[in-house]
Peer 1: 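Have a look at this one.
So you know, we letter chains A, B, ... as the sequences are listed, proteins then strands, and number each from 1. Reckoned from all heavy atoms, side chains included, excluding hydrogens, waters and symmetry mates.
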Amino acid sequence: MTAHPDSRSSRWAALAALLTTSLLLTACGSSSGESANGTGQATSGGTLTFAVGSDSGCVDPQQVGSNDTIYSVRQVVDSLTDQDPETGKIVPWLAKSWDVSSDATTFTFHLRSGVTFSDGSPLTAQVVKENFDAVPKLGALGILAQGYLSGVASTTAVDKLTVRVKFKEPNAQFLQATSTHSLGIESSASVKKTPQQKCSQGVAGSGPFVLKQYVQNRSITLAKRSGYDWGSSLWSKKGEAYLDKLVFKVVPEAGVRAGSLQSGQVDAISSVGKANEATLKGGQVTLQRRANPGVVFGLGLNNSRPILKDTKVRQAIRYAIDRQQIADTVFPTGTQPATSVLAHTTPDYENLSSDLSYDAAKAKSLLDSAGWKAGGDGIRSKNGTKLSLTVKWFTNAATNQPALELIQQQLKSVGIDLVLKELQITQIAQVNQSGDFDGLWGNVTRADPDILRSSYSTKLANWYRVPASELDSVLAQQAATTDAAKRKQLVGEAQKLIVQNAHTVPVVELQTQLGVSKKVHNLDFDASSRIQLHDTWIG
Amino acid sequence: MSRYVIKRLAQAVGVLWAAYTVSFLVLDFLPGDPVSAMAGAGADSAEIDPAQLAALRHQYGFDKPVLVQYADYLGRAVRGDFGDSVSTGRAVTATLTDALPQTLQLTGAALLLAVVIGGGLAVLATYTRQRWLRQLLLSLPPLGVSVPTFWVGLVLVEAFSFRLRWFPAFGNDGLRGLVLPAVTLAVPTGALVAQVLAKSLLTALDQAYVETARAKGAGRWRIHLRHALRNASLPALTVVGLLVGQLIAGAVVVETVFSRDGLGRVTAAAVTAQDIPLVQGVVVFGALIFVLSNLIVDLVYPLLDPRIVVASSRKASFA
């Protein structure tokens, strides 16, 4: 059926292709507009149109884990507390104060009065109890939320506005967890719905915006909640939000998102990659960046593998990686190389950049002393075994492959062979459980250092097969410490133990980069590098 | 005639069953499963309790033996129930029928453009006596077939949305939003129509009956449109039937580039999430549309060429 173009027609085809290309180039060449950064008086009203890359198919804050959806559903619920993105300190929101028992097992929250949900029902201690009783039942549907409440013994409504949460074991992270969208408080009627109903219909929260419409794969529309008067203590505006309406459009193509922002079809966009920075520069757009708190991107090593049992080999890998080069080549502008196992935006982060410096000579001498001798093909070997490691990675971020290929080159230059194995994100649970990997490329976003315990304590899942050591007791102690200075010291110690023993090889911080039109003001990151839109205005 | 239609319907059922079974097997062979996809969504590489995953798997019946699952699904599918989407919990049939109108709009407009522009191009290229114009026109279809739809879409968006600002870059809103996606989708389809039609027009123009018509004093346009085109349109019509399949496939790319709601987006999302019930629904639905459109094409043949009688089994192999 297909006609074969003869040589003459393919010449014409080439010409036509050339014409189209030059049209494209001309179109790209004409730059638009000069910056006009009017910083006037904040005004109420207007609609913010925000283009995100994906729809997770669910609009229940307690179940959603993807940033693109958190951006919108976060605005619908309030949390018991809020977290200052500058200091990491926990501050009042729906709870005006709280007490934590000295062993970090019992948390008592004193709620504000006069708070209502968008379905008209009031916020009471009983509603909070219903929420916290329902969350663990979400199981795998609400991984983040139920993880925060794991080990909960009971939640009791002490009186109308006092609620007490008791844990079986010390659980210092819980206070920060109450500031997240995952433990955002939903109305009694919403809590009683099935998880599937909450996903498709949304929930009634007490937040500054109300869900008006959710069209799957297309848009999420929110409207200002009139009469809202119980904002977080961090917000600059009291009372209702500035904006009347928020429209989140799902635009999967990154280039289309960037072009739509630049041509004024939307006011803000999520996930701006390195490739689209040039399009957005110099226009009416500001690029907003913040590193995600939590465990940085890195090679999570399987510490039980014969080759990787040797601390010297793990340390050699750590020294062989030029983090600055990876951050500069692959990741969006402003991305910082890892300076600890935690990102610098995580509370109690400790700068360990001297342990994470690039030193190929040191890497080589460590491998030499561990008995791995350079072979003819440049790959080291010991007793006939090649120094070859398999790193598994998932196709959930565009930067994964180029970053790993660069790491592969860097390790090759010291004699380590890295085999990269691409997997679908659907296989992650299987890989974690089986332990069938030498290295796993990944990160975990969390604005509390207790994420170290979830990831590296041998008492928990211990996917990285770390051997039992003093690290366990340090991690357990920080979870049981309510004294801020003491906890900081313990968390610092844990970071040192993990980095110095190279249980994992931190590489680069994950940075969230948003493109925001210059007419939009105060679109602020929260402590988890997601956004709050109560203070945002257009003018 | 009715015997022919019944036979074709039986064939159609066979095709649907095959599509259903093959897609089920392919999905089953894929590593990973929809439950870990759902649980892992967006949560970085956070730990998931294996026991909870198992509970969820049990809830959706993914812990049963493959053959039992297959029989379960097939039994319900026969009754028109494709179950609920794993990732959204919505009924598959509702998800598909919601998305269908958007995709019909898009593919309908694209098919119209493809036939009109592709057909017009073929007629013009074979009619003109200007050698250079004919060469130029005939070089366009191979180009149209070979450029990736994805790229065409991005070029059109860049030029007509971001620069000239005539059309929106995304969304399903109104006729203006339909223009760029329809044009994008029409490019490869129209190119195929033009290729096939131009070729068969040239063949037809060499036939003896054209000589006869000319000898009888018929004008060039009359010969071209009345005599040659009518005969040449049969192969093109067959292609149009097949193109329906290509259009649905193309909708996956076009709907993603233009952020349009529709079957294509549903498909892309369902495959990513390994949402087995939804993918199965999409496959059967797509096969159904394909089978129906080709059946219609078959029934249209005798209208164009009285020599074709659909009742004869020999001609049935034509499609």
Peer 1: Under a 4.5 Å heavy-atom cut-off, does chain B meet the side chain of A:Val266, its backbone, both or neither?
Peer 2: side chain

Peer 1: Atom OG in A:Ser263, atom CG in B:Leu164: separation rounded to 0.5 Å?
Peer 2: 11.0 Å

Peer 1: Most heavy-atom pairs under 4.5 angstrom with chain B, which of A:Cys199, A:Ser260, A:Gly57, A:Gly300?
Peer 2: A:Ser260

Peer 1: Between atom CZ of A:Arg257 and atom OG of B:Ser259, what is the distance when rounded to the nearest 0.5 Å?
Peer 2: 8.5 Å

Peer 1: Which pair of non-hydrogen atoms, one from B:Phe162 and one from A:Val256, has the smallest distance, and what is that distance?
Peer 2: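 Nearest pair, atom of B:Phe162 first, then A:Val256: CZ-O, 3.5 Å.
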
Peer 1: What part of B:Pro168 gets within 4.5 angstrom of chain A, counting heavy atoms only: side chain, backbone, both, or neither?
Peer 2: both

Peer 1: If you look at every heavy atom in A:Gln262 and B:Arg165, which pair is closest and at what distance?
Peer 2: O-NH2, 4.0 Å

Peer 1: With a 4.5 Å cut-off on heavy-atom pairs, point out which of B:Val157, B:Val147, B:Val257 contacts chain A the most.
Peer 2: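 Of B:Val157, B:Val147, B:Val257, B:Val257 has the most heavy-atom pairs under 4.5 Å with chain A.
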
Peer 1: Between B:Thr256 and A:Glu253, is any side-chain donor less than 3.5 angstrom from a side-chain acceptor?
Peer 2: no

Peer 1: Taking all atoms of both residues into account, what is the closest heavy-atom pair of A:Lys249 and B:Phe170, and its distance?
Peer 2: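 A:Lys249 and B:Phe170 have their closest heavy atoms at CD-CE1, 3.7 Å.
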
Peer 1: Output the distance between atom CG (B:Asp98) and atom CG (A:Asn217), rounded to the nearest 0.5 Å.
Peer 2: 11.5 Å

Peer 1: Please state whether the side chain, the backbone, both or neither of B:Glu255 comes within less than 4.5 Å of a heavy atom of chain A.
Peer 2: neither

Peer 1: Check each atom of A:Gln216 against the heavy atoms of chain B and say whether the ones under 4.5 Å are side chain, backbone, both or neither.
Peer 2: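 Both backbone and side chain of A:Gln216 come within 4.5 Å of chain B.
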
Peer 1: Please classify the contact of A:Val215 with chain B as side chain, backbone, both or neither, using a heavy-atom distance under 4.5 Å.
Peer 2: side chain

Peer 1: Quick one: what part of B:Phe150 sits under 4.5 Å from any heavy atom of chain A, side chain, backbone, both or neither?
Peer 2: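 The side chain, not the backbone.
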
Peer 1: If you take all heavy atoms of B:Ser161 and A:Gln265, which pair is closest and at what distance?
Peer 2: OG-NE2, 2.7 Å

